[in-house]
2 protein chains.
Amino acid sequence: MWAPARAPAEPYYRLAMTAAGKHQVSRSETTRRGTRQGRAGIRDVAAAAGVSITTVSDALNGKGRLPDATRRHVREVADRLGYRPSAAARTLRTGKSGLIGLTVTTYGDEPFTFTEFAYFAEMARAATSAALARGYALVILPATSRHDVWSNVALDGTVVIDPSDHDPVVSELVRQGIPVVSDGRPAGTLPVTAWVDNDHEQAVLGILDHLAAAGARRIGLLTGTSTDTYTRLSTHAYLHWCERSGQDPVYEEYPAHDPCAGAVAADRLLARPDRPDAVYGLFDPNGTDLLAAARRYGLRVPDDLLLVCCSESTVYATTEPPITTLSLKPRRIGTAVVQLLIDAIEGLDHGRPVEQVISTELIIRTSSVRAVPPRTAVGAPRRPE
Amino acid sequence: MWAPARAPAEPYYRLAMTAAGKHQVSRSETTRRGTRQGRAGIRDVAAAAGVSITTVSDALNGKGRLPDATRRHVREVADRLGYRPSAAARTLRTGKSGLIGLTVTTYGDEPFTFTEFAYFAEMARAATSAALARGYALVILPATSRHDVWSNVALDGTVVIDPSDHDPVVSELVRQGIPVVSDGRPAGTLPVTAWVDNDHEQAVLGILDHLAAAGARRIGLLTGTSTDTYTRLSTHAYLHWCERSGQDPVYEEYPAHDPCAGAVAADRLLARPDRPDAVYGLFDPNGTDLLAAARRYGLRVPDDLLLVCCSESTVYATTEPPITTLSLKPRRIGTAVVQLLIDAIEGLDHGRPVEQVISTELIIRTSSVRAVPPRTAVGAPRRPE
DNA sequence: CCGGCATGCAGAAACGTACCTGTCAACTCC
DNA sequence: GGAGTTGACAGGTACGTTTCTGCATGCCGG
């Protein structure tokens with residue numbers, strides 16, 4: 001069936017080959033041991049199928065013009081030999097690795113921040129799914145990685161989570177022409193290919209309005225000391241709302257990456273002389289910390305204290321009482337970020353930068369709803385004149 | 001300085017060359033444009049520095065015998081050109097990619113199970129750190145990925161989390177000679193290179209003893225329906241303990257990957273006629289679910305019901321009351337798994353398989369400690385005769 | 001009977017690196 | 001003062017693909 005190709009046997013031709021191009025022969029016979037120690041290469045498949053390398057490549061990749069019989073035959077032989085194409089060789093040749101970097105913010109030497117934990121996990125999960133569905137895989141690459149690790153992996157593009165102001169990693173990647181999509185609106189003039197974010201100001205304003213509507217007179221904020229976009233925008237929105245509605249700001253800051261500091265800050269907030277009757281906590285653990293602090297001070301939730309917290313955790317559905325949470329929809333963000341990135345990689349974005357805003361969701365539970373409507377006129381928030 | 005190679009000029013010889021081997025000339029001049037559109041290659045560095053490619057490679061990789069002056073000069077030129085070695089080419093040449101796969105169990109099309117969530121996140125975090133410290137990066141690869149994604153990435157080795165009985169992915173990887181280290185003792189005769197796990201039987205026995213010492217008469221179990229190693233071993237240990245101590249088993253099963261089913265199962269367990277006075281929950285959310293169920297039935301914790309739950313979550317430190325948890329030490333497991341894997345990749349394991357057991361930690365909180373010692377003889381657990 | 005056009009495949013040139021194998025000089029050692 | 005040694009590099013091949021180009025063959029219309 002698969003007759004060996006007729007050998008062109010002009011003597012001078014063969015002589016010339018062995019003289020001038022001796023490496024040409026060495027390929028097929030000299031240095032190759034039969035099936036190679038480890039894996040079968042495309043050459044082995046070609047030899048076994050009695051066709052050329054080109055034909056094997058075309059048959060397996062669905063390219064070229066081949067009759068179905070040849071295609072099937074090659075595929076079958078490849079299967080029989082357990083042939084797996086070399087990812088490295090393919091990447092070298094095509095320039096595409098099918099790998100996407102997932103750059104996570106770091107505090108100290110741990111890969112990702114503790115406070116963004118549930119958020120990050122959900123986001124990464126969605127991103128992995130989305131990438132996979134389009135044939136890409138994700139590589140976890142902390143921002144502080146040594147340079148050699150970064151340059152040791154061929155990336156088609158990168159997702160950056162909450163890049164800092166003038167992130168050197170981002171600049172370097174852009175300089176290399178690698179698309180970069182950021183989760184979080186980039187600060188300054190960071191030249192990202194696209195970004196996805198929530199409207200944090202809008203979300204905070206919505207929560208404050210919700211709390212005010214539930215009868216809150218003085219709303220406090222539990223916020224962070226770091227300068228990332230999320231913290232900055234949220235705090236700013238809070239201050240703005242206070243100014244607009246004539247309430248004195250009541251807030252406590254703490255280093256958000258320190259799990260213990262949160263409990264202390266929550267305690268401080270409720271110990272203040274101008275104790276708030278409602279609190280919004282910007283970070284995931286704030287809910288349980290505030291609840292514990294309220295118990296210590298004998299404050300009933302929601303009767304004496306209204307509570308809302310930004311979190312993706314499901315535990316707040318079963319706390320006593322259940323706590324109202326703001327979800328940033330990490331699943332949707334993760335998916336969107338990856339779609340945008342792959343579009344850019346594959347040139348489907350037509351080169352223009354994209355900004356995409358994902359809406360948040362306020363999951364209202366007992367902690368921010370008063371059973372009885374607030375008594376009328378406890379005393380309007382007085383402003384020092 | 002850099003004279004062109006002398007041209008051999010025998011006429012018949014040249015004729016043969018242009019006929020048979022004309023490609024030999026095209027390399028140096030024909031197809032190359034000056035500095036290439038995108039990035040500078042090692043060739044460009046060599047040309048700019050006035051040395052050979054070999055010298056550049058040696059200088060940058062710290063090999064060969066070169067005077068420091070040359071080394072510095074080459075490095076400087078490389079920096080100036082913004083040279084970054086091609087990861088793909090290096091991988092193709094050396095056979096090492098510096099990438100480690102992190103295979104996660106999947107239910108449905110989501111990358112990882114919900115129940116192992118906090119555990120997984122912590123484990124992945126530690127694994128990422130450990131890999132990075134040794135110059136490797138992690139690729140997230142769900143077990144159900146399409147084959148093309150798996151073969152599209154060159155892996156030096158893989159971490160498999162809780163592989164199923166005769167996992168085809170593991171077999172395939174081993175067949176390709178790629179080291180595989182599993183988190184979780186492999187069931188059956190899965191040929192992994194090494195594995196790391198807790199002693200789950202020991203842990204469960206310890207907890208049951210702890211609860212019995214705290215006065216528990218009838219200890220219930222909240223367990224899963226799936227057949228993974230963790231669930232199987234833990235349940236088995238529970239049954240064994242019951243048999244040994246003459247207590248009737250009281251347990252409820254539910255599909256652990258379903259977040260809602262857990263709450264229902266917790267409710268079922270406490271609604272039974274032979275209601276336990278202590279419960280151990282195998283999965284992360286069981287603690288809050290059991291607490292909520294206990295409240296519904298008017299059971300006080302720990303007075304009427306002792307509670308322990310396997311979890312890595314910090315929320316259990318601030319629940320009301322705080323709940324005793326068993327930590328599987330995912331950080332240590334993640335680190336150990338990666339160390340073993342990289343040892344195997346780099347041939348430091350001397351080829352023998354390694355099994356490593358990480359000890360668990362019981363974090364004792366209020367939920368499993370009775371303020372007053374149990375009243376004597378409430379009535380021994382009666383067995384229907 | 002011949003030019004033109006599919007069809008079915010083979011040859012060989014890259015992709016960018018690492019490393020093996022020289023080669024040529026300058027020393028060193030009896 | 002020649003043989004051996006060592007330092008400092010250059011040449012060239014191989015890693016395993018993809019793909020561009022090329023070459024037969026068969027067929028059809030003119």
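Below, chain A is the first sequence line, B the second, and so on; all start at residue 1.
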Original post:
Pick the nucleotide of DNA chain D nearest each of B:Thr54 and B:Ala89; which residue has the one closer to the 5' end?
Top reply: B:Thr54
Original post:
Are B:Val159 and B:Leu102 close enough, and set up right, to give a side-chain contact (heavy atoms from CB on, under 4.5 Å), and what steps lead you there?
Top reply: CA-CA 5 Å; B:Val159 171; B:Leu102 181 60; 3.8 Å; yes
Subject >> B:Arg93 CZ to D:dG16 C1', straight-line distance once rounded to whole Å >> reply: 12 Å
Original post:
Expressed in angstrom and rounded to an integer, what is the separation of A:His73 atom NE2 from C:dG8 atom P?
Top reply: 17 Å
Original post:
Base, sugar-phosphate, or nothing for B:Arg65, non-hydrogen atoms under 4.0 angstrom?
Top reply: base
Original post:
Once you round it to whole Å, what is the distance between P of C:dA10 and CG of A:Asp58?
Top reply: 10 Å
Original post:
Over how many whole Å does the gap from A:Arg71 atom CZ to C:dT7 atom C1' extend?
Top reply: 13 Å
Subject >> A:Thr193 side, atom OG1; A:Leu173 side, atom CG - distance, nearest 0.5 Å >> reply: 9.5 Å
**OP:** Find the distance A:Asp68:CG to C:dC9:C1' and express it as a whole number of Å.
**Re:** 15 Å
Subject >> Whole-Å gap separating C1' (C:dA18) and CG (B:Leu92) >> reply: 10 Å
Original post:
Rounded to whole angstroms, how far apart are CZ on A:Arg84 and P on D:dT17?
Top reply: 12 Å
Original post:
Looking at A:Ser52, does any N or O in its side chain come under 4.0 Å of the phosphate oxygens OP1/OP2 on C:dA10?
Top reply: yes
**OP:** Carefully, step by step, assess A:Val139 and B:Val139 under the rule side-chain contact (heavy atoms from CB on, under 4.5 Å).
**Re:** CA-CA 4 Å; A:Val139 186; B:Val139 185; 4.0 Å; yes
Original post:
Does a nitrogen or oxygen in the side chain of B:Lys63 sit under 4.0 Å from OP1 or OP2 of C:dA18?
Top reply: no
Original post:
For A:Pro67 and B:Ser57, take the nucleotide of DNA chain C holding the closest heavy atom to each; which residue's nucleotide lies nearer the 5' end?
Top reply: A:Pro67
Subject >> Given B:Val45, B:Asp58, B:Leu66, B:Val74, the one that forms side chain to side chain contact (heavy atoms under 4.5 Å, CB included) with B:Val51 >> reply: B:Val74
**OP:** Using a 4.0 Å heavy-atom cut-off across all strands, classify B:Thr94 as base, sugar-phosphate, or nothing.
**Re:** sugar-phosphate
Original post:
Reckon B:Ile53 touches a base, only the sugar-phosphate, or nothing at all at heavy-atom distances under 4.0 Å?
Top reply: nothing
Original post:
With no hydrogens and no angle check, do the side chains of A:Thr55 and A:Ser52 hold a donor and an acceptor under 3.5 Å apart?
Top reply: yes
**OP:** Would you classify B:Thr91 as touching base, sugar-phosphate or nothing, given that sugar-phosphate means primed atoms plus P, OP1 and OP2, and contacts are heavy atoms under 4.0 Å?
**Re:** nothing
Subject >> For atom CG of A:Leu66 and atom C1' of C:dA10, their distance in whole Å >> reply: 12 Å
